[in-house]
Enquirer: 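Take a look at this one; I'll ask things after.
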Amino acid sequence: AKIIVYGAIDPKLYNDSVIIITILGPRSKLKVSKKKKYFGVWLVSAKNTKLLNAPGYYAMATNNNNFSLADSAFLKENQIGWENIQINIANGISLKEDKEGYKDIIKLFYKKRNLLVIEKSGINIFEDTLFRADFELPGITPIGEYKVNTFLINKEGILVSSWQNSVQVTKGG
């Protein structure tokens, strides 16, 4: 299955702007356990860490890699880029390094299952006006509501326009 996002942009804006499209799958709770070595044997720790609000799928595409000009608060608020995804940890881990470590574990888990797609130039532009981006959904994609966000940012990093929509993903058969 695919989610296809398409639209049009004023040709005057195209050369001086960056289009960013993000797709966030339905949120879920995850449990992560660490392995520890006891007397030369690796065992899974009985202590779990619960992650709340983790997206079941995350994808991002841009027409230009240079969206780093955008305000970091804007990127964080709109969850643009994996490092800006908001995932809450239920166990109250206070160290930022531990939180980032768990986020990295989830990132690897998602990448192996194609649930994390971050393409640097995944948007096709036709005649400086029309754009299209295709996002593949693997068979294990969770069902539910997917939030599709499209942002147009100018070369100074200021938001020019945004569009939000949702897509209901179901499985048949």
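As the structure is a prediction and not an experimental result, all values here were calculated from the model. Along the sequence shown, the residues carry numbers beginning at 1.
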Enquirer: Once rounded to the nearest 0.5 Å, what's the spacing between atom CG of Leu108 and atom CZ of Arg113?
Expert: 10.0 Å
Enquirer: Do Phe126 and Phe135 land in one hydrophobic cluster if side-chain heavy atoms of ILVMFWY residues count as linked below 4.5 Å?
Expert: no
Enquirer: Please report the closest heavy-atom contact between Gln86 and Arg27, naming both atoms and the distance.
Expert: O-NH1, 3.0 Å
Enquirer: Taking all non-hydrogen atoms of both residues, which atom of Leu152 and which atom of Ser17 are closest, and how far apart?
Expert: CD1-CB, 3.4 Å
Enquirer: Rounded to the nearest 0.5 Å, what's the gap from CD1 on Ile21 to CG on Asn63? Could you check?
Expert: 8.5 Å
Enquirer: Should Ile125 and Ile19 count as side-chain neighbours, where that means a heavy-atom distance under 4.5 Å?
Expert: yes
Enquirer: Between atom NZ of Lys2 and atom CD of Glu136, what is the distance when rounded to the nearest 0.5 Å?
Expert: 5.0 Å
Enquirer: Measuring from atom CD1 of Ile118 to atom CD of Glu83, what distance do you get when rounded to the nearest 0.5 angstrom?
Expert: 7.5 Å
Enquirer: Can you tell me how far apart OG (Ser162) and CD1 (Ile153) are? Round to the nearest 0.5 Å.
Expert: 10.0 Å
Enquirer: Hydrophobic cluster membership, with links at side-chain heavy-atom distances under 4.5 Å among I/L/V/M/F/W/Y: are Leu159 and Trp163 in one?
Expert: yes
Enquirer: Could you tell me whether the side chain of Tyr57 and the main chain of Pro138 form a donor-acceptor pair under 3.5 Å?
Expert: no
Enquirer: Measure the spacing between OG of Ser166 and CD1 of Ile23 and express it to the nearest 0.5 Å.
Expert: 12.0 Å
Enquirer: Mind checking whether Gln79 and Leu24 have side chains closer than 4.5 Å, heavy atoms only?
Expert: yes
Enquirer: Under a 4.5 Å cut-off applied to non-hydrogen side-chain atoms, are Pro26 and Tyr146 in contact?
Expert: yes
Enquirer: Return all side-chain donor-acceptor pairs below 3.5 angstrom for residues 3-10, not counting sequence neighbours, or 'none' if the list is empty.
Expert:
unit_1 : atom_1 : unit_2 : atom_2 : d
Asp10  : OD1    : Lys12  : N      : 3.1

Enquirer: Would you check, one step at a time, whether the test side-chain contact (heavy atoms from CB on, under 4.5 Å) holds for Ile20 with Thr150?
Expert: CA-CA 6 Å; Ile20 302 172; Thr150 305; over 6 Å; no
Enquirer: Are Phe109 and Leu137 co-members of a hydrophobic cluster defined by side-chain heavy atoms under 4.5 Å apart?
Expert: yes
Enquirer: Quick one: does Phe74's side chain get under 4.5 Å of Ile80's, heavy atoms only?
Expert: yes
Enquirer: Is the Tyr58 ring parallel, tilted or perpendicular to the Trp82 ring (thresholds 30°, 60°)?
Expert: perpendicular
Enquirer: Looking at every heavy atom in both Val169 and Pro142, which two are closest together, and how far apart are they?
Expert: CG1-O, 4.3 Å
Enquirer: Within the side chain of Glu127, is there an N or O that forms a donor-acceptor pair under 3.5 Å with the backbone of Pro11?
Expert: no
Enquirer: Give a yes or no on whether the backbone of Thr141 and the side-chain of Lys171 come within a donor-acceptor separation of less than 3.5 Å.
Expert: yes
Enquirer: In sequence, state the C-alpha distance, the side-chain angles, and the governing distance for Asn78 and Asn149, and then conclude on side-chain contact (heavy atoms from CB on, under 4.5 Å).
Expert: CA-CA 9 Å; Asn78 291 289; Asn149 301 302; over 6 Å; no
Enquirer: If you look at every heavy atom in Gly56 and Tyr110, which pair is closest and at what distance?
Expert: CA-OH, 4.0 Å
Enquirer: Do Lys107 and Leu116 come within less than 4.5 Å of each other through their side chains, counting heavy atoms only?
Expert: yes
